[in-house]
Amino acid sequence: MKKNILAFFCLFCFVLSSFSQSSQIPENADFWSDYPNEQLADFLVARLSDEELLAQIFMFGWAGEEPSLLLNQWVSNKGLGSVKVFGWNTNNLEQVARSISSLQERAQKRKYKIPLFVATDQEGGFIRHVKGNTTITPGNMAIGASEYPVDAYYSAFYISREIKALGINMNFAPTVDLYTNRDSSVINVRSFGEDAELVGQLGSAFVAGSLAAGVIPTAKHFPGHGDTSSDSHIKLPGVYIDWEQAEKRELVPYKYLISQNVPAIMSGHLLYPRIEEHPASLSRGWLHDILREKLGFKGLVITDDMQMTGAWGYAGSTSEAFYRAIYAGNDIILSSRTAELDEKLLTRNLQEMQVSQEFRQIVLTAARRVILSKLNYFKGGNAAPLYPEIARLKDQIPDREGQKFFLSQACRSITAYKKGSWPYRGGDKLLIVGPADEIPENASEPVESEFFTEAQKRYGEFARYKINFPKLGSVGIDWNGNNLEYMASTYDTIIFYVPNVEGAEIAKRLKNCGKRVIILSSLEPIPVMSGFDFADTILMGYSYSIFTYKAFFGALSGEFEPQGKLPLSD
């Protein structure tokens with residue numbers, strides 16, 4: 001009882017002190033007024049309506065090329081706090097920049113002129129929501145293979161410079177999930193690797209690079225998505241480890257990041273039943289008791305998309321999921337779908353604010369944390385522009401310095417998993433098996449993959465066999481395998497591009513061909529780590545970027561010695 005009275009007294013004194021300081025700010029002040037950030041945050045929170053406070057902790061996306069009327073209404077009429085740029089319509093970068101400008105302009109027309117957080121998923125590698133001419137980088141597992149923190153730093157730096165030019169100020173990266181489940185289809189090469197200490201070091205360097213470029217990084221997916229083969233977009237994944245194991249493994253990267261003052265962490269729709277009964281994103285135990293109290297995190301907690309089955313499916317409805325996410329301690333609730341203006345996820349939480357003082361205080365705390373984070377960021381001198389300079393985008397994207405760096409990074413990542421006849425410089429009858437022709441972004445006609453373009457620079461003319469790897473199925477595997485078994489007899493060397501399990505199954509059909517077989521593993525490494533004793537050479541590159549293709553053939557031709565290390569145990 002005495003502890004409760006003391007806690008209430010301390011809260012009362014804090015509120016009274018904050019009110020006293022914020023009351024010194026004139027009523028006509030706004031977000032950009034020149035007052036200390038802490039005081040200005042108190043001033044703004046005290047003057048926002050309950051509806052505006054809730055809107056500040058919501059983040060919505062849009063599906064069309066331009067923001068919908070509904071999203072515009074949320075910004076103009078309710079003071080929506082944040083928006084998310086998903087990967088559905090981002091090939092036209094000028095349109096993306098115009099959309100962000102128009103949304104920020106609407107936010108600036110409101111009384112207190114609180115700008116929007118504008119977020120996206122630009123992790124590097126194949127997770128690249130903003131497309132167009134942005135760089136396809138070698139990605140996290142390639143960084144893990146080099147083991148150089150400087151590679152993580154500059155990857156984040158150049159990725160961030162590109163999206164910053166568009167007005168995007170928050171990135172949902174780095175992914176610091178450990179690659180502990182070999183059957184993972186949702187994490188795999190998005191991870192730096194399985195070593196928790198190394199992941200923590202590389203994640204910390206990535207955070208530093210992002211901040212240096214002027215974009216807010218968001219580490220994900222707390223408390224760790226790596227030890228499950230399930231995808232939280234489709235179902236709620238379970239991670240069946242106890243607290244002792246989580247503290248020694250999954251939570252290690254977060255301890256590194258929190259010690260480096262990472263500004264934001266994304267909560268995952270992940271169930272750890274031996275530790276907590278509710279999914280982390282909906283659990284006050286995970287977010288308040290563990291993340292904030294035990295681990296000492298002071299920044300923003302942002303949910304993963306609440307439209308994922310792992311969230312609303314567990315809660316029973318979207319409105320219930322939103323309520324639980326707020327109560328759990330998330331500061332920003334993310335939804336890929338823009339809610340209707342009077343949807344229950346808003347009205348239900350407004351009612352809760354009016355009947356529950358505890359819930360009201362949770363919302364106030366979250367809204368203040370969001371607004372204070374905005375004040376610190378937008379007034380920090382290195383923020384993304386509210387109104388990006390569209391005329392300069394072609395000079396800024398792709399980042400010219402970044403192109404040189406990503407090639408060198410790709411070279412450092414190449415791993416010689418098996419090294420046979422070395423180097424291979426051609427001169428015999430060569431068959432190269434690679435990806436089918438592709439339709440580039442912002443184009444209408446298919447073109448040959450850059451994989452073959454890079455091969456031709458070293459080996460001149462050779463026979464090509466092209467496979468549409470993402471759309472194979474068992475029939476496609478068998479059909480292509482039969483063809484290649486028949487064709488192999490007429491060639492001396494076969495270079496085989498393997499991006500996935502299906503590609504590996506086709507390549508294994510060459511085990512009795514009696515020819516030199518060279519395997520280039522371009523994405524997840526697991527499929528080529530067994531069953532390829534017959535291969536002369538196996539190189540791993542961890543991505544399908546142009547830089548990885550250049551590095552593959554440079555290494556194979558003897559232009560440099562591969563130094564990368566597989567960031568997984570055999």
Side-chain angles (χ1 to χ4, degrees), residues 123-124 140-141 143-144 147-153 155-156 170-181 184 187 190-212 216-228 237 239-276 278-281 283-304 328-332 369 373 567-569:
E123 297 177 13
N140 283 358
M141 187 153 283
I143 296 170
E147 297 187 341
Y148 286 113
V150 70
D151 281 343
Y153 179 95
S155 290
M170 178 179 284
N171 191 14
F172 293 154
T175 296
V176 291
D177 303 306
L178 306 180
Y179 200 162
T180 46
N181 188 310
S184 173
I187 298 300
R190 296 168 66 188
S191 170
F192 292 114
E194 68 181 11
D195 185 304
E197 298 286 339
L198 179 61
V199 170
Q201 293 163 14
L202 296 177
S204 296
F206 193 104
V207 164
S210 182
L211 290 171
I216 299 168
T218 306
K220 63 186 186 185
H221 307 80
F222 180 83
H225 204 319
D227 194 13
T228 176
V239 180
Y240 300 96
I241 61 176
D242 59 20
W243 171 255
E244 183 179 5
Q245 192 172 6
E247 194 170 29
K248 291 180 179 178
R249 202 178 66 181
E250 267 70 13
L251 296 181
V252 168
Y254 290 100
K255 293 177 182 179
Y256 270 92
L257 293 162
I258 290 168
S259 71
Q260 298 299 313
N261 296 316
V262 61
I265 287 175
M266 174 173 283
S267 60
H269 307 313
L270 303 161
L271 184 64
Y272 282 64
R274 296 180 66 185
I275 299 174
E276 229 288 324
H278 302 300
S281 57
S283 164
R284 194 155 181 82
W286 269 116
L287 302 186
H288 180 268
D289 299 347
I290 295 175
L291 182 57
R292 292 214 183 274
E293 296 296 321
K294 191 173 184 66
L295 300 182
F297 179 59
K298 304 298 183 186
L300 295 171
V301 181
I302 305 170
T303 70
D304 208 340
N330 292 282
D331 302 300
I332 295 178
R369 193 176 281 125
S373 296
L568 305 172
S569 55

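Hydrogens, waters and symmetry mates play no part in the numbers below; they use all other heavy atoms, side chains included. We number each residue from 1, following the sequence as shown.
- Applying the side-chain hydrogen bond (donor to acceptor under 3.5 Å, both in side chains) rule to pairs touching residues 245-255 yields Asp227-Arg249, Trp243-Glu247, Glu244-Lys248, sequence neighbours excluded.
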Start with the C-alpha gap between Leu291 and Ile258, add the side-chain angles, then the distance that decides, and say whether side-chain contact (heavy atoms from CB on, under 4.5 Å) holds.
-> CA-CA 9 Å; Leu291 182 57; Ile258 290 168; 4.0 Å; yes

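- Counting heavy atoms from C-beta on, the side chains of Ile216 and Pro263 come closer than 4.5 Å.
- By the 4.5 Å heavy-atom criterion applied to side chains, Phe222 and Leu251 are counted as neighbours.
- Using a 3.5 Å distance cut-off with no hydrogens or angles, the side chains of Glu123 and Thr175 do pair a donor with an acceptor.
- One side chain, Glu276 or Ser283, offers a donor N or O that lies under 3.5 Å from an acceptor on the other.
- In summary, the side chains of Ser267 and Asn330 do present a donor paired with an acceptor at a separation below 3.5 Å, with no hydrogens or angles considered.
- In this structure, Ile241 and Arg274 have side chains that are not in contact, with every pair of non-hydrogen atoms separated by 4.5 Å or more.
- Looking at heavy atoms from C-beta onward, Met141 lies out of side-chain contact with Phe192 at the 4.5 angstrom threshold.
- Of the possible polar contacts, none joining the Ser191 side chain to the Ile187 backbone as a donor-acceptor pair under 3.5 Å is found.
- Residue pairs satisfying the salt bridge (charged side-chain N to carboxylate O under 4.0 Å, His left out) criterion with at least one member in residues 195-205, sequence neighbours excluded, are absent.
- Scanning both residues, Ala156 and Ser210, for their nearest heavy atoms gives CB-N, 3.6 Å.
- Looking only at side-chain heavy atoms (C-beta outward), Pro253 and Leu178 come within less than 4.5 Å of each other.
- Side chain of Arg369 to main chain of Leu300: no donor-acceptor pair is present (N/O by atom type, distance under 3.5 Å, no hydrogens or angles).
- Legend: residues meeting ring-ring contact (aromatic ring centres under 6.0 Å, His included) with Tyr272, ordered by chain and number and at least two apart, are Trp286.
- Listed here is the closest heavy atom pair of Asp177 and His225: OD1-N, 2.8 Å.
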Give the intermediate values and the outcome of side-chain contact (heavy atoms from CB on, under 4.5 Å) for residues Lys220 and Ile265.
-> CA-CA 6 Å; Lys220 63 186 186 185; Ile265 287 175; over 6 Å; no

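- A 4.5 Å side-chain heavy-atom check between Pro174 and Val207 finds at least one atom pair inside the cut-off.
- The two residues His221 and Asp304 come nearest to each other via the heavy atoms CD2-OD2, 3.4 Å.
- At a threshold of 4.5 Å between non-hydrogen side-chain atoms, the residues Thr218 and Ile302 count as touching.
- Looking at Lys298 and Asp331, no side-chain N of the basic residue comes within less than 4.0 Å of a carboxylate O on the acidic one, giving no salt bridge.
- Nearest heavy atoms, Pro217 versus Leu211: CD-CD2, 3.5 Å.
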